[in-house]
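The structure appears below as structure tokens.
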Amino acid sequence: TAAFAFRDQMSYNQEVDAPYFATYDDRIAQVKALAGAEADLAAAKRKLSEATSAEKRAEGARKGNEKAVAKLKSRIEQAENSCFFSCCGGEAKVERLQAQLDAEEGKAGALVDSEGRLEEKLEVLTAEVRTAEELVARKAALVSESSSMFESAVQSHPSEKMLYLQRAAADCRANVDFEAANTAALENVGRMCVTARGAYLAAIRALDAAQSTNRGAQFNNVLGGRNGGLELMENIQQMKRNNLMQEAQAQAQRGGEILASALAQVPPPARERYPGLCQGLGDVYIPTLEQMGLGSAMMEVFGGDLMDAMAGMRAGQKIRHGLDALQRCEAVVAQQEGLLRALLEALRRDGNAAAAKLAGVQQELAAEKETIWEALREAVGAPPPKGEGGRRSYAVAQTQAEAHKAAATLQQAVRASKVAVPVATPVSNLSVAVPVGASPGDLITVQTPRGQYRVAVPPGVKEGARFEFALP
């Protein structure tokens, strides 16, 4: 029989002949025979779980019966030894308790037998689970062995197209990882901006509370004069106002620091790729909020009602200025959040396009490997495999299934955008889900392995529904 030997300088050096393909086909036949192994294992585990629960309930019933028997015996003994046994109906009580005891003891045998049968069933089901686990492990080993045989053969006899597609797949995978890293970094920046805006809002709430407290202090100053009780309340309100103003400054400082740290972490590729969106990112302003100093405190403590009023008006003015500054800061952060959302959406589209391209290249690579595999089979005179699948190798079928799954996952990730990514299929007809917000007649962008296409949503196809179109 003719044999193919390795002729290129690669890490693979697999000689293939007819027996090699016969071994491979045998492994695939065994894999197909074990197609339901995982389902059988899941069913066996479910039965074992149900039997385990039933056995625990039976054990609980037996122990409850034993406890009831012991309690009844103890009560009978107490009744018989009671000094009131003969004069207070003790004999009748013992008879009632004895009847209950006889009934409980009558149940004991059946409960023990039921528990024993369930224990035997558990042993059988445990053995079935072990057998099912062995079959699943055997199937995994067969899949691994057959995949290794397939890869060794095609990698030992590569075509120029296969080598090109492998390089392209590696580049695409690196691009996908690169886009994912950029997206993750920008998502973290977004979360930090939300935290920074929360700090600014907390500062605004603190100053609002300080303003309300200051007005209360001014009211008590006018109403109470030098009244001891109202004077004490006024002093407490003034101290609370000062604390709230200091809290507002601390929150504003915290918000500015978080925002500055967040914007410094915007990925450089995002700034280079989308300079327009990034133009407003980086503007950070930390306002210095005016506080009540020692002079104002002296006026409020020792200055009398008139000085109290002047200090209160001064505090109100400082609070208003602080609120204006904080509101401007909060508006800037809100604007930057909007820019970040737009930038993140752009990066996600780039990542989706990279993932779609990778899925397409992987399918092309799988098809080329299949071509090489079948050429080798034909050259050594090995018969085609039997059963379903024909010329299609199991390893390539698995590869294409994985590519299809990756594309389907990708499609779910972009349903919120106006870009539709079709599920990859080995034929030219592509299945597309209508994105959120799109309606019949709208043009949507469809990302395919061959590039982007503008497609009109067919009449009657609603948001979230699917339709098919043929690649030109």
Side-chain angles (χ1 to χ4, degrees), residues 23-82 84-85 88-149 385-389 394-395 397-398 401-402 404-405 408-409 412:
T23 301
Y24 175 86
D25 293 340
D26 174 69
R27 301 297 184 268
I28 295 304
Q30 293 184 58
V31 169
K32 291 179 178 179
L34 294 171
E38 292 84 0
D40 292 343
L41 175 59
K45 286 184 174 180
R46 184 174 60 254
K47 291 179 181 178
L48 179 60
S49 176
E50 292 171 354
T52 300
S53 299
E55 193 275 335
K56 288 182 178 178
R57 288 194 298 271
E59 182 183 10
R62 175 185 57 79
K63 290 182 177 179
N65 175 262
E66 292 175 350
K67 184 176 180 181
V69 168
K71 184 176 181 180
L72 287 169
K73 288 181 177 179
S74 175
R75 291 181 64 188
I76 290 172
E77 183 179 358
Q78 290 177 0
E80 290 177 341
N81 295 329
S82 172
F84 302 102
F85 178 76
C88 298
E91 185 174 351
K93 181 178 180 180
V94 168
E95 289 178 358
R96 290 194 303 271
L97 292 174
Q98 185 62 49
Q100 295 177 21
L101 176 61
D102 293 341
E104 290 295 333
E105 288 180 336
K107 299 176 185 177
L111 292 174
V112 170
D113 291 343
S114 175
E115 184 180 4
R117 286 193 300 271
L118 287 171
E119 288 175 348
E120 293 175 358
K121 185 178 181 180
L122 280 179
E123 293 179 2
V124 174
L125 291 175
T126 300
E128 290 181 1
V129 168
R130 283 197 298 267
T131 301
E133 288 174 340
E134 291 171 358
L135 292 176
V136 169
R138 172 62 178 162
K139 180 182 177 181
L142 289 167
V143 170
S144 176
E145 182 184 358
S146 59
S147 298
S148 178
M149 291 180 70
K386 298 179 181 179
E388 185 180 356
Y394 185 83
Q398 291 292 98
E402 291 172 1
H404 180 91
K405 181 180 179 181
T409 303
Q412 294 175 358

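If you're wondering where the values come from, they're calculated on a predicted model, not measured in any experiment. Just the heavy atoms: all of them, side chains too, but no hydrogens, waters or symmetry mates, feed the values below.
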Distance (rounded to the nearest 0.5 Å) between Q78 CD and L97 CG: 10.0 Å
Across all chains, not counting sequence neighbours, the side chain to side chain contact (heavy atoms under 4.5 Å, CB included) partners of E50 are R46
Determine the minimum heavy-atom distance between V129 and L48, stating which atoms define it. CG2-CD2, 3.8 Å
S49 side chain to K45 backbone, donor-acceptor under 3.5 Å: no
Contacts table for residues 98-124: side-chain donor-acceptor under 3.5 angstrom, sequence neighbours left out:
residue	atom	partner	partner atom	Å
Q98	NE2	D102	OD1	3.0
E104	OE1	N65	ND2	3.0
E115	OE1	R62	NE	2.3

Residue list, side-chain hydrogen bond (donor to acceptor under 3.5 Å, both in side chains) with E134, at least two apart or on another chain: none
Pairwise distance CD1(I28) to OG(S147) - rounded to 0.5 angstrom: 7.0 Å
Taking salt bridge (charged side-chain N to carboxylate O under 4.0 Å, His left out) as the definition, give me every residue that meets it alongside D40, ordered by chain and number, with sequence neighbours left out. none
Would you say K73 and E77 make side-chain contact, with heavy atoms under 4.5 Å? no
Checking K47 now: which residues fulfil salt bridge (charged side-chain N to carboxylate O under 4.0 Å, His left out) with it, not counting sequence neighbours? none
Quick one: side-chain hydrogen bond (donor to acceptor under 3.5 Å, both in side chains) partners of E38, sequence neighbours excluded? K139
About how many Å separate CZ of R138 and CG of L34, when rounded to the nearest 0.5 Å? 8.0 Å
Donor-acceptor pair, distance only, cut-off 3.5 Å: does the side chain of S144 make one with the backbone of A140? no
